[in-house]
Each structure stands twice: as C-alpha cells, then as structure tokens.
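Encoded as structure tokens, the structure appears first; notes follow it.
Keep in mind that this is a model prediction, so the values were computed, not measured.
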Amino acid sequence: MNKRRWTSLLLAGLLLLPLASCGKKDPGGASSSQPPQEPSISVIAPVEPEPEPEPVYPYTNPLTGEGLNEDISGKRPVAVMFNNLRKALPQIGIAQADVIYEIVAEGGITRMMGLYQDLEGVGDLGSIRSARDYYVSLALGHDAIYIHAGGSPQAYDAFDSWGITHIDFVNGPYGNMCWRDPDRKKTAGLEHSLFTSSEKVLEQMPSRFRLDHETGFSVDWVFDQDPPAGDRQQASKLTVPFSRYKTGYFTYDADKNQYLISQSLDGSDPISCIDGQTDQAVCVSNVLVLFTDVNQVKGDSAGRMDVRTTGAGDGLLLRDGMLFQIKWRRENRTDTLSFLDQAGKPIPLAVGPSYINIVGTSAQVAWE
C-alpha cells in the first residue's frame, strides 16, 4: 500500500475519534450539567367495557310481562290446584307458576292455584287437591284449563253451569295423566299423594278441548320495569294472616329485587316455601293483597267458604321494596282481575311472577 493511501486512512481515523467520545457518558457525570432523569412511563387508563344491551323481544308473556321470542299470548293457560297442608309440603312445580292465587278454605286451611301460561317443560306438579268454586271463577277469568282432584258441591255446580274446561283426577277419565307417589302415601296419606306432570298433561290433553283463546280475549295487565309514581312507602316485609291456621310472610330481597315467601301453618314457626322439584325458594316480583267478602257458606256442614271474586275492593301491591295502596275490580266471571291506582287507572306490575292473596276485609295485614 502506498504512502498516500496510509495517510488518507490515518486522517479518517483521527476524525472519528471525537465523534466516538461524544457518544459515551462520563461515569462521573462530568460530561453534562443536567441531572439524570427518571424514565417516563405512560399510564393508560382502563377502558370500561360497553354494557350489554338489554335484549329486545318481539313478544311478552301476558301474565308476567317477560319478553319472549315466541308469541304464546293466544294459548289458554293451565290452572293447577295445589295442596298446602303442612304434612303435604313441599309442593312440586309451584316455583315455575306465572301467578299464584291463595285463598282460605274450610277449617282455616288454604289452597293455592298455580297459573301457567305455557306448561311446556315445567315437569312434575303436585300434590293436586280439590276444587272450590271461587278458584273455578278465577280460572274462568283467565280462560284457563283447570286441573284438580275432586271438589266441593259448589265447585261441581260451577263446572256444570259455567261451562268450565277442567281435568278431574278423581271423578274424570284421566287416570293415565296422574299417579300416586308412594313416599307421599306413607308420610302424608293417600289424599295428599296425587301428582301429574306437564308432559302427561300436554301429551294426553283431550282433543275436544279448545287450546287457544277465542278472538277478543285479553288479560290487560300492565307491566313496567320502573315502579309507578304517586303515593308509596318503603316496605321490606308483609304479613298476611288468612286464619288461625295460616299466616303468610313476604320478605324483600333487594339483591334479587324479589320477594321470598314463607308461611306459618298451624302455629308453627315460619317455614320457607320451597319447590320440592328444584329445592329452590319460591320468589315473586309482585305481591298483591285483595280484600273481599269471605264468609262461611250457610248450612254447609263441612264449613266451606263463600268468597266474592267479582265487584270491587281495596288492595295492596308490593313491588321493588315499596307498598302501594290500590283498588281491584272485576265486573264478570269471564273477566280477569284489574289492578288500579287510587285514581282508577291501571297500576303497572313489576315484570315477573305475581302472588295474589285474597283475604277477608277484616284481615289484619301488616307491613314494616
């Protein structure tokens, strides 16, 4: 390599030295008058996820106001008479009822009538008990198919004179639609052991029965997610005495926004209402108390009751932890009950199932 070439390389190397020294930091920090700075950290605020939109359904259940993908409002509901004696508990299938009616019977006991707009998939039902004419009247107002096991003379008069569609497991040709539970026969007795199921009822429903409402029928109950405006008061517990034998209790569960049901039977401590099929507590979104005339049937040796289910009267509505003073009205047996505010306008129920207590005008109903 010639001398000129070496000289060029040497000059290039000398020029690079100061550049290299500028790229190094002085260990003692003497190369800069600025103090060392902490590395910057970018903090990204968490992004709240968008809330899931409430599903929009094209149809609603006329008994609960709950949204549905299928229109079942034209179907006739099924009404089932349930036993409510202490030794016959728990009831089976009652937690899936859209509406539960409870009224006193002879001797101070009560029966319950569960109303199902769609019986599909409910499962076993029982134990099934006998009919009373005031329950028959309420079932007629819903244009329901009424399931029972025997009945009072007044109930059979109603079947004949009112043209009720009913399935009688005692005095009817429906033996294949029901059975006696052997364990209940041992523990509660034969009369408290009768059961049926939604599958048997739907599979063996007599072809002569009309399964759809006739044109023009409607329930006309009003539902709203928000409680109505107007006079109201906080109420977390309601006590409904039917008789010396039966007192009902409804306790508000704020987390569920529903009412848990319990009852005292024959002086016992309150026991929770549990569905024996699911072992779940029976809960409802609405609790109603309707005051009416309740008297013993004159001359009836068994002490059966006469309960007025038409006309009008005072009442109470519990929903969303609040109590409302209401009126009830029902002009004819073929009408459903109407629930009205103090101005006479329909008062909205909460979306969900309802429990309707029908008691005498002197019943000492209390709340707190």
Side-chain angles (χ1 to χ4, degrees), residues 64-65 82 84-86 89-91 94-104 108-114 221 223-275 278-292 294 313-328 337 339-342 347-368:
T64 66
F82 283 97
N84 196 40
L85 282 180
R86 181 178 177 85
L89 298 179
Q91 291 109 349
I94 199 167
Q96 298 186 63
D98 295 319
V99 181
I100 300 172
Y101 287 94
E102 184 172 13
I103 312 174
V104 72
I109 67 171
T110 63
R111 297 262 162 82
M112 296 176 181
M113 184 175 77
W221 289 356
F223 296 90
D224 198 325
Q225 294 282 4
D226 298 321
D231 293 338
R232 55 190 180 182
Q233 54 187 297
Q234 298 293 322
S236 59
K237 185 174 182 180
L238 181 75
T239 301
V240 183
F242 285 87
S243 66
R244 293 180 180 178
Y245 181 84
K246 159 67 192 257
T247 299
Y249 303 94
F250 302 86
T251 304
Y252 183 59
D253 185 327
D255 293 333
K256 293 182 177 180
N257 193 27
Q258 286 191 314
Y259 294 86
L260 300 172
I261 304 163
S262 58
Q263 57 181 343
S264 173
L265 299 174
D266 200 17
S268 66
D269 292 333
I271 53 176
S272 297
C273 289
I274 302 294
D275 191 313
T278 62
D279 290 330
Q280 294 181 345
V282 181
C283 301
V284 294
S285 300
N286 303 284
V287 180
L288 295 110
V289 181
L290 310 183
F291 297 97
T292 190
V294 178
D314 294 323
L316 304 170
L317 165 65
L318 266 76
R319 55 163 293 177
D320 304 291
M322 292 175 284
L323 182 141
F324 300 83
Q325 303 278 348
I326 67 169
K327 302 286 186 180
W328 68 268
L337 288 159
F339 311 120
L340 312 171
D341 62 19
Q342 294 300 306
I347 190 167
L349 305 177
V351 174
S354 298
Y355 200 111
I356 302 176
N357 305 271
I358 298 181
V359 299
T361 54
S362 61
Q364 298 299 304
V365 177
W367 56 89
E368 58 187 69

Using the rule given for side-chain contact (heavy atoms from CB on, under 4.5 Å), can you reason through Met112 versus Ile94, listing the C-alpha separation, both sets of side-chain angles and the distance that settles it, and then say yes or no?
CA-CA 9 Å; Met112 296 176 181; Ile94 199 167; 3.6 Å; yes
Determine, step by step, whether Asp341 and Phe324 satisfy the side-chain contact (heavy atoms from CB on, under 4.5 Å) criterion, reporting the C-alpha distance in whole Å, the side-chain angles of both residues, the deciding distance to 0.1 Å, and the verdict.
CA-CA 8 Å; Asp341 62 19; Phe324 300 83; over 6 Å; no
Kindly indicate, with the supporting measurements, whether the criterion side-chain contact (heavy atoms from CB on, under 4.5 Å) is fulfilled by Leu349 and Leu317.
CA-CA 8 Å; Leu349 305 177; Leu317 165 65; 3.9 Å; yes
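One distance of note links CD1 of Ile358 with OG1 of Thr292; it measures 7.5 Å at 0.5 Å rounding. From Gln258, atom CD reaches atom CZ of Phe250 across 13.0 Å, with rounding to the nearest 0.5 Å. Taken from CD1 in Ile103 to CG in Leu290, the straight-line distance is 9.0 Å, to the nearest 0.5 Å. Within the model, atoms CZ of Arg232 and CG of Leu323 stand 12.0 Å from one another, a figure rounded to the nearest 0.5 Å.
Each of Gln234, Gln233, Lys237 was evaluated against Trp367; a single residue qualifies, Gln233, per the side chain to side chain contact (heavy atoms under 4.5 Å, CB included) test.
Side chain of Gln364 to backbone of Ser362: a donor-acceptor contact under 3.5 angstrom is found.
Nearest heavy-atom pair, Pro353 versus Cys283, reported as atom, atom and distance to 0.1 Å: CG-O, 3.9 Å. The minimum heavy-atom distance linking Pro228 with Ile347 is given by the pair CG-CG1, 3.8 Å. In terms of heavy atoms, Arg86 sits closest to Ile271 at NH1-CD1, 3.7 Å. Closest non-hydrogen pair, Asn286 versus Ser354, comes out as ND2-OG, 3.2 Å. Summarising the geometry of Leu337 relative to Trp328, their closest heavy-atom pair is CD2-CE3, 3.6 Å, with the distance given to 0.1 Å. Closest non-hydrogen pair, Ser264 versus Gly267, comes out as OG-C, 3.9 Å.
Side-chain contact annotation: Asn257 with Tyr252, donor-acceptor N/O pair under 3.5 Å present. Under 3.5 Å, the side chains of Asn84 and Thr110 contain a donor-acceptor pair of N or O atoms. Between the side chains of Asp314 and Gln325, no donor-acceptor pair of N or O atoms lies under 3.5 Å.
Two residues are said to be in side-chain contact when any heavy atoms from C-beta on lie closer than 4.5 Å; Ile100 and Gln91 fail this criterion.
The side-chain contact (heavy atoms from CB on, under 4.5 Å) test applied to Ile274 returns Ser272, Ala281, not counting sequence neighbours.
Residues Tyr259 and Tyr355 place their aromatic rings such that the two centres sit no closer than 6.0 Å.
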